[in-house]
Structures are given as C-alpha cells and as structure tokens.
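Quick caveat, the model's predicted, so the values are computed rather than measured. Chain naming here is simple, since letters A, B, ... match the order of the sequence lines and numbering starts at 1 in each.
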Number of protein chains: 2
Amino acid sequence: MQTFILYMPNKENNSNKINIRDIAEKTGLSISTVSRVLNNKAKEYRIGKKSQEKIRKVARELNYVPNQFAANLKSGKSNTIALIVPSLNNPFFAEISSRINTEIRKHGYITIIGESDENPEIEKKELRQLVSRNIEGLIIVPCGNQWEHIDEIHNQGIPVVCIDRYFIDLDIPFVSTDNYKGAYMAAKYFIENGHHNIVCIQGVQESNTNKLRIEGFKEAMKESGINDFNIIGDNFTFQNGYLSTQLLLKQKNRPTAIFALSNTIAMGCMKAIKEAKLDIPENISLITFDDHPYLDFLATPLSCVVQPVEDISKVAVELLYTKLYDEEQNTSKILLKPTIKIRNSVKRLMD
Amino acid sequence: MQTFILYMPNKENNSNKINIRDIAEKTGLSISTVSRVLNNKAKEYRIGKKSQEKIRKVARELNYVPNQFAANLKSGKSNTIALIVPSLNNPFFAEISSRINTEIRKHGYITIIGESDENPEIEKKELRQLVSRNIEGLIIVPCGNQWEHIDEIHNQGIPVVCIDRYFIDLDIPFVSTDNYKGAYMAAKYFIENGHHNIVCIQGVQESNTNKLRIEGFKEAMKESGINDFNIIGDNFTFQNGYLSTQLLLKQKNRPTAIFALSNTIAMGCMKAIKEAKLDIPENISLITFDDHPYLDFLATPLSCVVQPVEDISKVAVELLYTKLYDEEQNTSKILLKPTIKIRNSVKRLMD
DNA sequence: ATAATTTGCGCAAACGTTTGCATAATTCAA
DNA sequence: TTGAATTATGCAAACGTTTGCGCAAATTAT
C-alpha cells in the first residue's frame, strides 16, 4: 500500500503569529541571536552590527510581537503588577487607579486591576487569580481586616504596598493620607467658626481610615473642651448619610455642623437637609472628606478635606519599585499631609 | 582529580512555588493525570475517583496555584480580555470599566484595562503591549479616527467590540447609545418648553458620537422650523464649556438655553453662569449629556440625557462572548435607547 | 608562526503546562 | 481461555522564549 505524504501548502501561514524562529530563518541567524538582539542584549553578547540591523529590519517587516507568555515562563518575569481597589465606580479609587496605571506603564510594566467590591472573599479570589499570573508586585486597598492572604503574598517575596487603608502592625509598607490630621483639621475649623454642637457621620467602623478620622475628630473636640459631640452612622454610603441626617434633624437639640466622612455620605446629608427645607450653611454647616470637582457646583459649594491623591499614587509606585529593583527590605510607612479646602458650607457663628 | 558533587539542601524549598510535578510526586501519579484532574477533565479521561480525590487533596494542602503562563503557552488560551478606554478618571468610562471588569470575571476571564488618554499614539502602543499578551478579545472605546490598528486585531481573528464610539463603515461590531436620538430628545424638550434661541456646546468634532449628537440636535431644530441655532465649542473639557459660555453670555442676543454635550462641558457652563451672577433655570436653561448622582445636588439639579451604561457594558461582553465561543461572524451593530431625566434646569417659557 | 585574546554566534536545556497516543490492568463476552 | 472492550494512567512532544556554555573565526600579541 502506497502512502502519500501531504504537504501543508504555505505552512508559515498556518498560524499568522510571527515568532522568533521565523525571524531566525529569514535572517539566517539563530534564534538565540535574534532573541538577544530583540531584548537589547546585543552589546552584552557582542552581536555584530549588521546582524543586529538585519534582525531588527526583518522583525519590523514581519510585524513581530513577542509572546510574553513564553518569555515569562522562561525568565520568571511577568512584567505585571496587580492593583486591587474596592471599586472603580468610586471616583477616589478611579483616580488612584488611573494614575497608578499610567505610572506603572512608564516602567514597562502592565497593571491588572481587580475590584473587591468591599468584599473580603472576592478580594481573596482576585488575589488567587492574580498570583497565578505571576504578578511581580501588588498594590492594594485592602477591604476588611483580614490580612493573612495579603501577608502571604508578601512572604512569598512579592513586593506589596497598601494604599489608603493599611495594617499598622504588619511590616507591609503603605502610603496613605494622615487621616487623623485631616479629621482634626476639619473639626478645628468648625470650632474656630464657633460651632460646639458637631456631629460626625462615619463609615465602616472597622476600617482603619475611619478609626483614625474618628480619633482625630475626638482629639480636636477634647482639646477644645467639647465633650458633648456625637458620632453616628456605620457605612460609607448615600443611604447612611441620608438616614443619619434625617435622625439628626429630628432631634430637639439640632447640631449646627455635620462632618461627613465621605462624599457619598455627604450627598445623603444634603438630600435630607434639602428635604427638610433647610439650608447649608445657613441652618446647618457641612464638611466632607475627599474633594471632587463637582463640589464647586453644588447648591452650596462644599468645604472638604482633600487627600493628595496624585502623591499617594506616585509614592505607592515608587515604593513598589524600590522593593522590586533594590530588593531592600523597605517597609516604609508613609502618611501624607491632607489639606483643607474652604468653600462655602460652614457658617461663622458668633454668639 | 576528585570531584565532589554538592547536593542542594532541601531542594524543594528552592523556589516556594508549587507546581504540577510536585503534586505528581506526592501522589505517586503522573503529571498528566494531575493536569487532567485539576482541569476538570477527569471524566473525559476516565481518571479513577480515588486518584482524583488524592490529587485534589494534595493540591489544596500545598496551596497549588497553576502557572497561567505555562498553561497559555501550551494551550494558546490566555483567558485575557483587553479593555481600552480614554481615561478611568472620567466617571462614564470608570463605570463602564467597572461593569465590564466584573462581568468578564464571571466568565473566568480577566481584564487588562488600558488608557489611551484620548491619544491615538498611546492607544496604538497599548494595543501592541496587549497583543503580546495574547489577548483573546478586545473591547475598546476608540479615540480618534484611526481604525487601522484596530482592524488589524480584528483581522487576526481576535474578537473586537467597540463601545460608545465606533466606525460605522467597518464590520467590527459595536454597542453604543443612540446619540442622535438622545440629542434629538433634549432639543425637542427645550422646544416643547418654549425655547427658540438654543445653543449647543459640542466636544471633539471628529468624534462620531459628537457628530451624531449634533445631527440629532439639528434635526430637531429643523423639524420645528428653527433655523437660527448655534453650535460652538471643540472639546469635551471644562475649559471649553467655561469659555464658550462666557462668550455666549456676552452676546447681545443671549440664548435662553444651552445644550452641553458632556458633564465636563456643563460644569464649565455653570461656572461661567454663576460668575455672571445669572441663575439656572431662571435666566438660562441647561441640559447635559450623561447622568451622574451629583447632578441631583447641584445648585440647580441638572436635567440630562442618560445613556444605558449598564446595558452597554452587558451587551458588549455578550457580543464578545458570542464571537469568542460561537465563532459566528457576528457583526452586530447595536444602538441602545437613551432616556431623558428631567430635573430642574429648564425653564418653561410662555410667550 | 604560534599563542592568547577578542569577537560573533549557535546548541540545547530549561520554564510549567497540555494533550495525542500509547500501554497496562481489569472486566466482559463467547 | 482467549480476544475484545473498557477503564485508568503514563510518555513525551510540543508551546515560544531565555541563557549558560562553548566553539570557531578574526584579531592581536609575542
């Protein structure tokens, strides 16, 4: 029985992806040489000028795109950084993500952004996913108080940087705003303007940023001899701001000022205040945490504590890179100074 | 000369990453078997129950995480979808990104988000980067009018879906809002409320969404016999809104209504109007394109054209997956209906 | 002319998977 | 009892790179 061997017509068109071998064949050089040239290791390995040019030319002509998966498998380098934030739908985290994303690309790396949706279980799942992609670094806004899975990454020798929220006891570097100071400044500002009856509407109590803000708030109160302040609420949501404020407004002894620990909370406050036919700052004063362009255009432009978002992002990436390159056991814990932006939502009381 | 062979002490601790071979050794089974079990191909390959259990148990104990790079290299599947948007710092795109990101993860894929910053060159660079990561699909909000690099991806057989902006002549599927209709509705609403002197402040003129909005606006005007309308501006920025409005307010024949083609433009308008000590809607009416929670809390709650962001995201992912799985040459071009949300920024004129 | 050095490059073994094709063991049929 | 069918598993070749080592040719030194 005779056997016919079938030749695949134009085999190289079989898969249109050009690889290093195709270039080697076209140039008559070896794949080693091609690899070295294309990785800019030509001088290191003393590849001749003409060979270099030939290789680069052919690579360009064939529109060669290296296969990162193969490269990573061999080299162990994934050129990938993971970023996990609670949600991109929150402008604060969206801005951070955007800045970190572009910053990281400058270094030739790529970012994979995961969202935890404030759910520790999702956070863990994301992290597993990302680890399987051999991430070389992790920047994370942890949600919740669970740190084991994050510490594990850290212990595997993968550089980790926490931003915004952090674990003070762990030796994982972080960069955040001095939340204590920010809240302190806001409270002081109220007091300087003659307010004594001040209420703070907080977010998630377990969150360490929330805790610190509360502490800063309390400290300012105590320093000024005000012992009769109030802290209510339990969530960084619109609902919480809305309901908490409704309750406040019904009180016999209505506060003269509200300190909302987030924009979402502040929006809830505004709605309740508006519905009660009251005015900011005439009837009640308001300061919020975090700035946003729209605050300028509100019925009453809102004064706020502003976090140095740009610096946080920059420093986070820098921190990551010193760990990545220098291998130094850098466990910097950095708190950046907030500022307070005065608009028009606090009334000056003179009694 | 005698040679001493040095044995590396506890070799398995050399790199703490557990791989499939470690599991094979511990279980006494082959790496093939381990691979198949861990990929849920056990029945297909008829792996015995006890072997399956043993493998899964050991994998769990050792905290095995598969190396996606190796898996992809072999299988050609990267489980990665690329998403390119102009900027995460724009709430509209941030929301889309967030939704697409979570939607895609439900399918076991991962998203890499790139930002073009409205710069076609950056867009191209991003795309190259992403292609080298063997992306299996691309969802993109193209910036600019260059489509060659996108079409090339498409021609390589990689499913591509455009969202928001698109190329009508290409056979690349897209999903967007019916921008024409949205603008038409807004204009009609002005007219129904007695406005005749209406100005539209547009964004980037080359952008096809901008073009369509302009057409819808014009159509409504013409239908109502208004031939004396005005279209100014050239950018989706605060500055553009601000400066354009300043000019408008200086005119002898001040318009009674402004249609801003984006939130950023609208914010600029508001600033100029406020500075001129004028009131919305008393002195001038305003409608903006795109909704946002904060619009409720502005000095005057802004009426707007709202795009079905959630549906856009969902449909985009669905489109991508039908192409990914069914291979059908699906080139759906989908326009979703916008709605108009009436707040309080348009005055009823009765003359 | 020979040895030493430098220059230019290729061989082949990884990296951790997946998978087509065996093969071995068991069960079943006749 | 023997062959066929079924069940359970392993071998080894890929996938596209990177890189240590080595070798030949060209150059320089002696």
Side-chain angles (χ1 to χ4, degrees), chain A residues 11-12 14-56 59 62-80 131-134 136, chain B residues 8 11-12 14-55 59 62-80 131-134 136:
Chain A
K11 177 197 162 204
E12 71 273 8
N14 207 4
S15 165
N16 43 14
K17 274 265 172 74
I18 303 295
N19 62 28
I20 218 177
R21 177 154 36 228
D22 298 328
I23 299 180
E25 279 169 15
K26 291 264 183 201
T27 55
L29 293 160
S30 76
I31 60 167
S32 321
T33 305
V34 175
S35 171
R36 300 199 245 247
V37 170
L38 263 22
N39 283 298
N40 298 316
K41 296 188 178 163
K43 329 101 262 185
E44 183 183 341
Y45 285 92
R46 297 166 310 206
I47 309 296
K49 285 283 175 198
K50 320 70 156 313
S51 296
Q52 290 189 41
E53 280 162 25
K54 215 193 300 178
I55 288 170
R56 285 189 215 282
L62 297 183
N63 196 22
Y64 169 70
V65 179
N67 182 330
Q68 295 277 346
F69 284 82
N72 169 247
L73 180 56
K74 190 75 229 322
S75 67
K77 294 206 77 239
S78 66
N79 290 313
T80 304
V131 168
S132 79
R133 286 172 188 255
N134 291 6
E136 292 181 44
Chain B
M8 189 83 73
K11 177 198 162 203
E12 71 270 9
N14 209 2
S15 165
N16 44 13
K17 275 264 172 73
I18 303 295
N19 63 26
I20 218 178
R21 179 156 31 230
D22 298 326
I23 299 180
E25 280 170 15
K26 291 264 183 202
T27 57
L29 293 160
S30 76
I31 60 166
S32 321
T33 305
V34 174
S35 171
R36 300 200 245 247
V37 169
L38 263 21
N39 282 299
N40 298 316
K41 296 188 177 164
K43 328 99 265 189
E44 183 183 342
Y45 285 92
R46 295 165 311 208
I47 310 295
K49 284 284 176 199
K50 321 68 154 312
S51 296
Q52 290 189 41
E53 280 163 24
K54 213 194 301 179
I55 288 171
L62 297 184
N63 196 22
Y64 169 70
V65 178
N67 182 330
Q68 296 277 347
F69 284 82
N72 169 247
L73 180 57
K74 189 76 228 325
S75 67
K77 294 205 78 240
S78 66
N79 290 313
T80 304
V131 167
S132 79
R133 286 171 189 255
N134 290 6
E136 292 181 44

- [ ] Starting at the 5' end of nucleotides 6-12 of chain C, put B wherever the base has a protein heavy atom under 4.0 Å, S where only the sugar-phosphate does, and a dash everywhere else.
- [x] -BBBBBB
Residues forming a side-chain contact (heavy atoms from CB on, under 4.5 Å) with [X], sequence neighbours excluded:
X: B:Arg46; result: none
X: B:Asn72; result: A:Phe69, B:Ser78, B:Asn134
X: B:Ile47; result: B:Thr33, B:Val37, B:Ala42, B:Tyr45, B:Ser51, B:Gln52

Task: Check: A:Asn67 and B:Leu73 side chains under 4.5 Å, non-hydrogen atoms - done: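 B:Leu73 reaches A:Asn67 side chain to side chain.
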- [ ] Could you tell me, to 10°, how much the axis swings from one end of the helix from C:dA1-D:dT30 to C:dA30-D:dT1 to the other, five pairs per end?
- [x]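 That helix gives 50° between its end axes.
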Can you check the [X] [atom1] to [N] [atom2] distance for me, whole Å?
X: A:Ile23; N: D:dG16; atom1: CD1; atom2: P; answer: 13 Å
X: B:Ile20; N: C:dC15; atom1: CD1; atom2: C1'; answer: 13 Å
X: A:Asn19; N: D:dA14; atom1: CG; atom2: C1'; answer: 13 Å
X: B:Asn67; N: C:dT18; atom1: CG; atom2: C1'; answer: 13 Å
X: A:Leu73; N: D:dC15; atom1: CG; atom2: C1'; answer: 9 Å
X: A:Gln68; N: D:dT17; atom1: CD; atom2: P; answer: 10 Å
X: B:Lys41; N: C:dT17; atom1: NZ; atom2: P; answer: 14 Å

Open item on the list: Nearest 0.5 angstrom please: B:Arg36 CZ to B:Leu29 CG, how far?
Closed with: 11.5 Å
- [ ] Please round to the nearest 0.5 Å and tell me the distance separating atom CZ of B:Arg21 and atom OG of B:Ser35.
- [x] 12.5 Å
- [ ] List for me each residue that meets side chain to side chain donor-acceptor pair (under 3.5 Å) alongside A:Arg133, sequence neighbours excluded, and say none if there are none.
- [x] B:Thr80
- [ ] For A:Asn72, answer base if it contacts any base atom (sugar-phosphate contacts may also be present), sugar-phosphate if it contacts only those atoms, and nothing otherwise; contact means non-hydrogen atoms under 4.0 Å.
- [x]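 It contacts nothing in the nucleic acid.
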Task: Closest listed nucleotide, where the reference is the side chain of A:Ala70 and the choices are C:dT17, D:dG16, D:dT18 - done: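 The nucleotide sitting nearest to the side chain is D:dG16.
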Task: Over 12 non-hydrogen atoms of neighbours within 6.0 angstrom of NZ in A:Lys50 - done: no
Task: Whichever of B:Ser75 and A:Lys74 has its nearest DNA chain D nucleotide further upstream toward 5' - done: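 Of the two residues, B:Ser75 wins.
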